[in-house]
2 protein chains.
Amino acid sequence: MIFDATDKRLLEFLQQDSKQTNKELSNKLNLSVTAVYERIKKLEKEGFIDGYIALVNKEKVKKNFIVFCHIKLVQHSQDYVVSFEREVAKLKEVLECYHLSGDYDYLLKVLVTDMAEFREFMVKKLTTINHIGSTHSMFVINEVKHTTIINM
Amino acid sequence: MIFDATDKRLLEFLQQDSKQTNKELSNKLNLSVTAVYERIKKLEKEGFIDGYIALVNKEKVKKNFIVFCHIKLVQHSQDYVVSFEREVAKLKEVLECYHLSGDYDYLLKVLVTDMAEFREFMVKKLTTINHIGSTHSMFVINEVKHTTIINM
DNA sequence: TATATTTAAGAAAAATTTTCTATTATGATT
DNA sequence: AATCATAATAGAAAATTTTTCTTAAATATA
């Protein structure tokens, strides 16, 4: 499938603000409303767009205590890895989980209200998952930058 | 401001799919279309919603090489910190940057096409920023989980 | 209890999306 | 270069959705 410069610009605009009307986008792209509409539908159908979402303000909903957790497994057998990944993905406090190179461990991005809630998360949820060897938590003092925009 | 259970559910729905019509939301919430409309406008005005965006598929646009970079500064003076944060925020490859506790350093989430592009990023961009003492890169083998949904 | 204030509902108006048809551009083939 | 097929674009019409407006109900306040 051909994915031209106009499609790229369109995706950039939609990543910035998906509530723009096709008319606004058509002005920015020098296209007709229908052309914009058809391009968006094509991008959606081809899988370039995973979805449209609202971004909630973390401070407002009192969930702005971010912790990165490094995790090592006791063993790295297929069974252990699969089991750990399945369990950790279920936890709503875990926004992101990455399998990392090097020390063969994981990096988790955990979002909670405060230290008390993080403690609960560690004790009641994370450490009850099997096969965890060790954990190392890094607390975020300040979120310097956070964007969802992928540059192409 | 009062932020009730219905507002929470509404934010959950909008975080999952912001393209739902007010009619669909009104059915899920047992409200009228106008009531949903007014609640959304209120949440927007009060700052609960930072924006509405399209999520682009990383694989499709060939930007799915994720690297986490740990960075230590040579000094931690106010000047150095401010300068570093300003410069690093400008880099489009850096999706996220966190100031961490403990070793007083930073964690960067970097998104590029491949290792070649990461090398370019390191050599031409990251290491040209002043005050960096040392860096340590962790490559993502697999993205086990990634959500933008904040639980409330 | 009476009075204000907020919240909600339904209808109407305005705006936007979506469909449809026709036209133009693009690329491949000869 | 000419022809054909395919894809992209534009404008108008239809369908849907958002937004506004008015009225009614619920909640809180004095």
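Every chain is numbered from 1, with letters handed out A, B, ... down the list of sequences.
The hydrophobic cluster around Val74(A) extends to Tyr80(A), counting ILVMFWY residues whose side-chain heavy atoms fall within less than 4.5 Å of a member.
Looking at Ile150(B) and Leu111(A), their side chains come closer than 4.5 Å, going by heavy atoms from C-beta outward.
Aromatic ring centroids of Phe48(A) and Phe3(A) lie under 6.0 Å apart. When ring centroids are compared, Phe68(B) and Tyr98(A) come within the 6.0 Å threshold.
Listed by residue number, there are no residues of residues 9-20 of chain A with a heavy-atom contact under 4.0 Å to DNA chain D. A heavy-atom distance below 4.0 Å to DNA chain C is reached by these residues of residues 21-34 of chain A, ordered by number: Thr21(A), Asn22(A), Thr34(A).
Residues passing the salt bridge (charged side-chain N to carboxylate O under 4.0 Å, His left out) test with Lys125(B), sequence neighbours excluded: Glu93(B). Every residue meeting the salt bridge (charged side-chain N to carboxylate O under 4.0 Å, His left out) condition with Lys58(B), not counting sequence neighbours, appears here in chain and number order: Glu143(B). Remark: Lys124(A) engages Glu120(A) in a salt bridge (charged side-chain N to carboxylate O under 4.0 Å, His left out) (not counting sequence neighbours). Not counting sequence neighbours, Glu12(B) has no partner by the salt bridge (charged side-chain N to carboxylate O under 4.0 Å, His left out) test.
The separation between Tyr37(A) atom OH and dT18(C) atom P is 4 Å, rounded to whole Å. We find that NZ of Lys42(B) is positioned 11 Å from P of dT6(C), with the value rounded to whole Å.
The list of salt bridge (charged side-chain N to carboxylate O under 4.0 Å, His left out) pairs with a residue in residues 19-28 of chain B, not counting sequence neighbours, is empty. Within the structure, salt bridge (charged side-chain N to carboxylate O under 4.0 Å, His left out) contacts touching residues 75-86 of chain A (residues at least two apart or in different chains) do not occur. Each side-chain hydrogen bond (donor to acceptor under 3.5 Å, both in side chains) pair with one or both residues in residues 126-135 of chain A, not counting sequence neighbours, would appear here, but there are none.
End-to-end axis angle for the helix from dT1(C)-dA30(D) to dT30(C)-dA1(D), using five pairs per end and rounding to 10°, comes out at 40°.
On the nucleic acid side, DNA chain D contacts chain B at distances under 4.0 Å to non-hydrogen atoms, with the end points of that region at dT17(D) to dC21(D).
Between the side chains of Tyr52(B) and Glu44(B), a donor-acceptor pair is found at a separation under 3.5 Å.
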